[in-house]
Every structure is written in C-alpha cells, then in structure tokens.
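Worksheet: one structure, shown below.
Predicted model only: the values in this text are computed from it and were never measured. As the structure lists them, so they are numbered: ligands from 1, and atoms in each ligand from 1.
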Amino acid sequence: MAKITASVYTSHVPAIGTAIDLGKTQEPYWQPVFQGYDFSKQWMKDNQPDVIFLVYNDHATAFSLDLIPTFAIGTAAEFQPADEGWGPRPVPKVIGHPELASHIAQSVIQQDFDLTIVNKMDVDHGLTVPLSLMCGQPQAWPCPVIPFAVNVVQYPVPSGQRCFALGQAIRKAVESFDQDLNVQIWGTGGMSHQLQGPRAGLINREWDNAWLDKLIADPKAAAAVPHIDYVREAGSEGIELVMWLIARGAMADVAGGPAPKLAHRFYHVPASNTAVGHLILENQ
Ligand code: DHB
Ligand code: FE
C-alpha cells in the first residue's frame with residue numbers, strides 16, 4: 001500500500017525562483033533565505049519520495065475568471081512550467097503520476113469532496129518555486145509530482161476547516177492505493193503578505209509564528225481559524241496558508257496515530273513582499 005511518510009510546508013515567493021534562476025542565491029539579501037533550505041535539500045536526498053502530492057495555488061496562470069475550480073487535481077502525464085510574463089522558468093517539466101492521481105480523484109470524490117479533474121495544465125511559481133527550494137537545480141525533478149491546485153485567489157475561497165478535512169480524505173485515498181509508494185504531501189504558499197491596497201507590504205511575524213506553533217502541535221485549532229483572521233492578521237495573500245492545512249490533515253496523528261517529528265523549522269523576513277515560513281514534519 002502507498003503511505004504518506006512526511007509533509008513539507010513552504011512559501012512560494014516568485015522572486016525566490018528568479019534569484020535561483022539568475023544565480024543570486026548567495027547575494028546578501030538572499031543568502032539568509034536560502035540558508036534556511038540547506039537542511040531541506042539534504043533531507044530530500046536522504047528521504048527521497050516516490051511521489052510528491054503538491055498542494056499549491058495557481059495565480060491566474062492555468063485558470064482565470066473564466067473558470068475557478070476550488071480544488072483541482074492534475075491527472076496528466078506531464079505539466080509544463082508556465083510563462084508568467086517573462087517566459088517559462090528554466091526548470092524541468094513536471095512528470096505526473098496519472099495512476100495515483102486518478103485513484104485519489106476517485107477516492108476523494110467518493111468521500112464527498114468536489115474535485116475538478118485537470119488533464120492538461122501549465123504550472124506556475126506556486127508549484128515550481130517550492131520544488132526549486134527543496135530540490136535545487138536538477139536536470140529532472142527527483143520524482144513524479146501530482147499538482148493539486150486550490151483557489152485562494154478569487155472569492156469565495158475554501159475554509160481552513162474544509163482544507164483540513166480534505167487532507168484527511170487524501171490520506172485515506174493514498175493509503176488505499178495498491179502499490180508500495182512513499183508519498184510526501186506538500187502544503188505551499190503564505191506566510192503573511194499583502195500585495196495590494198493600502199496595507200500592501202503587511203508582514204505579521206508574531207501571528208505567523210503563533211500559527212506555526214498551532215499547526216505543528218494543535219492542528220485542529222489551526223484549522224478552526226476563520227478566514228477573516230487570515231485576512232486581518234496575515235494580509236489578503238496570507239489566506240494561501242489554508243493550503244498548509246491540507247498537508248497537515250493528511251498526517252498520521254490526525255487519524256489517531258503518533259504525533260509527527262518536527263525535522264525542520266525556519267522563518268525569515270523579508271523575501272520580496274512575503275514572510276517565508278518552512279516546516280518539515282515526519283510521520284513516526
Ligand atoms: C509575491 C508573493 C506571492 O505569494 C505571489 O504569488 C506573488 C508575489 C511577493 O512576495 O512578491
Ligand atoms: Fe502566491
């Protein structure tokens with residue numbers, strides 16, 4: 001049977017991707033950001049998954065106001081890096097896992113979540129920047145990736161509670177897949193940031209760190225945080241954090257198992273307009 005071995009959480013700032021692509025990671029502004037991922041790149045090599053289930057948000061790249069799926073699962077064999085205005089990032093194409101993705105779609109839809117099935121989709125910085133942070137600049141990504149896009153851009157967005165419950169359904173789906181696969185689930189986006197309006201530039205270190213404490217030790221409490229609190233405290237784009245609750249909901253302790261091991265925790269400001277947060281939790 002497949003199993004979820006670990007969850008990874010990270011912000012996805014587009015300027016981080018540009019800093020990597022232009023060879024600027026050791027510049028004084030960026031060095032403290034990338035240093036927080038040195039442990040993680042080694043951890044990825046030591047804990048190589050067979051598949052990554054990568055929860056992220058599309059930024060009006062694959063979807064637009066024409067079509068707004070709340071939850072969309074990528075079932076294709078491959079996904080190209082998107083052109084977000086300056087040409088596609090020079091990163092490998094993303095190889096999917098159609099068999100596992102289709103199984104998860106079947107199982108999760110039968111557990112009463114409405115997923116949109118996407119057989120063709122380009123993936124933007126929301127997905128490629130976390131891969132770059134965790135894997136560096138390889139010729140090919142180390143394993144297949146199932147993109148799972150959540151609408152946190154256009155209202156109405158899903159609640160933390162629903163994302164947390166969805167994570168639990170994804171865990172059941174993975175564990176009923178009839179192949180011995182080591183699956184990691186990644187929750188990406190956040191932390192506090194607001195890109196628009198009078199509060200543009202908002203960062204809330206204290207709230208971010210208190211939320212990380214909760215996500216690690218009391219995920220039910222983190223899931224109960226109402227949408228308006230994210231917007232008030234973490235800014236309009238801080239709502240991206242609900243995606244971390246999907247990954248957290250898929251961990252063993254939520255289904256009655258042992259608490260996960262905190263392998264790594266990192267927080268840094270500034271990175272572009274965003275506070276960067278990063279966690280690695282291992283199932284025991
Ligand atoms: C920034 C952060 C984001 O999450 C995003 O999608 C776009 C820009 C930023 O910090 O600039
Ligand atoms: Fe974003």
Handout entry: Heavy-atom side-chain contact between D178 and M1 under 4.5 Å
Key = yes

Ligand 1: which protein N/O atoms lie under 3.5 Å from its N/O atoms?
unit_1	atom_1	unit_2	atom_2	d
ligand 1	4 (O)	H12	NE2	2.9
ligand 1	4 (O)	H193	NE2	2.8
ligand 1	4 (O)	E240	OE1	3.4
ligand 1	6 (O)	H12	NE2	3.4
ligand 1	6 (O)	H59	NE2	2.7
ligand 1	6 (O)	H125	NE2	2.9
ligand 1	10 (O)	S272	OG	3.4
ligand 1	10 (O)	N273	N	3.0
ligand 1	10 (O)	T274	OG1	2.4
ligand 1	11 (O)	S272	OG	2.7
ligand 1	11 (O)	N273	ND2	2.8

Practice task
Return the orientation label for the F177 and H97 ring planes: parallel under 30°, perpendicular over 60°, tilted otherwise.
Solution key: perpendicular

Handout entry: Qualifying residue, where the test is side chain to side chain contact (heavy atoms under 4.5 Å, CB included) with T75 and the options are P98, P147, S102
Key = S102

Problem - Transitive ILVMFWY side-chain link V33 to Y267, under 4.5 Å - result: no

Handout entry: Within-2.8 Å protein N/O/S contacts of the Fe ion (ligand 2)
Key = H12 NE2, H59 NE2, E240 OE2

Exercise for the section: Anything under 30° is parallel, anything over 60° is perpendicular, the rest tilted; go ahead and classify H12 against H59. Expected result: perpendicular

Practice task
Just say parallel, tilted or perpendicular for the rings of H264 and F266, cut-offs at 30° and 60°.
Solution key: parallel

Handout entry: N/O donor-acceptor pair under 3.5 Å between N273 side chain and L195 backbone
Key = no

Handout entry: Lys/Arg N to Asp/Glu carboxylate O, K220 vs D253, below 4.0 Å
Key = no

Fill in the blank from the handout: For A101 and I146 the tightest heavy-atom approach is N-CD1, 3.6 Å

